[in-house]
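Reading through the structure tokens given below for one structure.
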Amino acid sequence: MTGFRMKALFFSVFLHHLGASGAVYKRWIPNTNFENTSNWDRGHVPCATDVILFGNNEDVSVFVQSSHFLTEMYMPLNGELIMGPGAGFAAFDGSYNPGCETASKIYFTGAENFQWYDPTLWQAATSMEDLDQGKYIFFMDEERVPCQYDDVIFQPQASFRVNITSSEKMIHLRSISIMGQKFTSDDALVEYMQSSTAKLQFHGEGTFQLTNTRCPEKSGCECGNAADHDRICGALLQKYGNQCPVATCKDPLKPVGHCCDICGAIISLEYSAGFDIELYRNRILHTFLSLPKNAGVQMAISKVHKPKTFLGIIPRSSVPFIQIVLMDNGTGSQTGTHAEQVAKDIMSDIAEHGESFSIVADSLQAATGSHWSGQGAGSSPGAIIVGVVVGLLVILLLLGIVLILYRKGPLRSLPSVPFSSLWNQKEELDLAGETVNKGFDNPIFDAPLSPAVLAAVRSVDETQEEMASKNNELYFINPLYDETELNV
Ligand SMILES: *[C@@H]1O[C@H](CO)[C@@H](O)[C@H](O)[C@H]1NC(C)=O
Ligand SMILES: *[C@@H]1O[C@H](CO)[C@@H](O)[C@H](O)[C@H]1NC(C)=O
Ligand SMILES: *[C@@H]1O[C@H](CO)[C@@H](O)[C@H](O)[C@H]1NC(C)=O
């Protein structure tokens, strides 16, 4: 019996893990409920003696959770009240209501123009339990709004009104739950959208398309909100008085998909076929971010496309990469320093284990308050790029030597060089120097050619052209792995 239970438990944990891979639930925060005090201009729920006024043209659906005494209520021309179990209105019987001695007009103000693309109106978590426990995920602004493989939740027991105007007139989602009813197919949703309630809940130029599938790629999927970037940032910045808060570091960073510059660190990763974004996210969470000393550091990891090259030209088919954004709660000269430290730890980890995660190249940019106050050069992006370029030259030279020696030597099993991990940090220069001195003693050259490396090399060849147009993800094509050479 116990054995069976154990097996069942193991199986369900396993299934849970499979099912949860890449799952993100996004929940809409505002509601138009009758009992929500912030929906009334007086900041309280109407008293029995009050005259309740809905605007004539206020198209709104209002969920009522309990019973209320009522003197007078003016309904909108096009609106509805949804009565929850036990809810209702009864004529005011004149009995004494503490706090409601004077009758006044009270206006419903909850039907404001709330935008679907407002990132501040969503909560995100990897499971429904996490949503309920307030364990939210940190995202770049574009991804705070539901992405194409997300499950969207409009809470049960809550009415709402949302403007779904979208740049592409189409909002792709995995599923959508509306007041406890879950839709996973377009047919069912289209039917629902024709109901009068749906027309009060959703308005504007947009429709939903449901995929009912999770992201099919192990390396992750893009969110798909790039076309609405300006809409998202417009809604966000409205809350900051239409300008970004000043980032208190020198040369603040601009993550892809984010509205404002940040202080902290960005790691950009190029990957090969075997890369699994969930596996790697867990690696970072468990190895670094779950350490008590790193409690103040937040991470967002996602697959993104560079929107523009450094010349401002939009490439026809830019290559996706993995962006890891790290920010901390430090202030003043401490802003971003903790995030930068964690980023450096991650870079060292990649240098050591990156290959086993199918990471083929990486780069680190950091901006901290200490640079702002002019202390210490540290590793500015410029310094890193210069370091990498010098490292590249050294390695090119080294590989040239190796190639010549190899050509002269007898035929043997093809070597596998984890070239990507050799040059990804300026610190790696030392390693390169060491390799030169050791010559052929370096055991990595004797390792057999692994399929992962072959795959990496192919993907490098395919993307070679696009890579050439990028400035900060420096890439290096190893001449040893030219496919024509392999057949010698
Ligand atoms: C009341 O509505 C506001 C805005 O719509 C929302 O932020 C808040 O969470 C709601 N409060 C409750 C208790 O539902
Ligand atoms: C919905 O939002 C769009 C902008 O996103 C705006 O142009 C439109 O007027 C809004 N609709 C309503 C009814 O407020
Ligand atoms: C940052 O957050 C951590 C964990 O919540 C906390 O221990 C630390 O005191 C915070 N630091 C600052 C400067 O707020």
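Atoms within a ligand are numbered from 1 in the order they appear, just like the ligands themselves.
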Could you tell me, atom by atom, which parts of ligand 2 come under 4.0 Å of a heavy atom of [X]?
X    : result
N113 : 10 (C), 14 (O)
N163 : 1 (C), 2 (O), 3 (C), 8 (C), 10 (C), 11 (N), 12 (C), 14 (O)
R231 : 4 (C), 5 (O)
Q115 : 1 (C), 2 (O), 5 (O)

> Does the protein place any heavy atom closer than 4.0 Å to atom 9 (O) of ligand 3?
Replying inline: no

> Is atom 5 (O) of ligand 2 close to the protein, meaning a heavy atom under 4.0 Å from it?
Replying inline: yes

>> Does the SG of C147 lie under 2.5 Å from the SG of C223?
In response: yes

> Is it true that R283 and D349 make a salt bridge, defined as a side-chain N closer than 4.0 Å to a carboxylate O?
Replying inline: yes

> Between F154 and W28, what is the ring plane arrangement, given parallel below 30°, perpendicular above 60°, and tilted in between?
Replying inline: tilted

> Do the ring planes of W116 and F208 sit parallel (below 30°), tilted (30 to 60°) or perpendicular (above 60°)?
Replying inline: tilted

Shortest protein heavy-atom distance from [atom], along with the residue and atom involved:
atom                    : result
atom 1 (C) of ligand 3  : N329 ND2, 1.5 Å
atom 13 (C) of ligand 1 : N36 ND2, 4.6 Å
atom 14 (O) of ligand 1 : N31 ND2, 2.8 Å
atom 7 (O) of ligand 1  : I29 CG2, 3.9 Å

> Can you tell which part of S38 has a heavy atom less than 4.0 Å from ligand 1: side chain, backbone, both or neither?
Replying inline: side chain

>> Below 4.0 Å, non-hydrogen atoms only: which portion of T37 touches ligand 1? Side chain, backbone, both or neither.
In response: neither

>> Distance under 4.0 Å to a non-hydrogen atom of A295: what atoms of ligand 3 satisfy this?
In response: 4 (C)

>> Please report whether the ring centroid of W40 lies less than 6.0 Å from that of Y107.
In response: no

> How about F202 and F160: are their ring centres within less than 6.0 Å of each other?
Replying inline: yes

> So, do P216 and Y149 sit near enough that their side-chain heavy atoms are less than 4.5 Å apart?
Replying inline: yes

> Side chains of Y271 and P320: closer than 4.5 Å at any heavy-atom pair?
Replying inline: yes

> Counting both backbone and side chain atoms, is some N or O of N39 under 3.5 Å from an N or O of ligand 1?
Replying inline: no

>> Assess the residue pair D118 and K239 against the criterion (salt bridge (charged side-chain N to carboxylate O under 4.0 Å, His left out)); give the C-alpha distance rounded to whole Å, side-chain angles, the decisive distance to 0.1 Å, and a yes or no.
In response: CA-CA 10 Å; D118 184 338; K239 321 229 155 160; 2.8 Å; yes

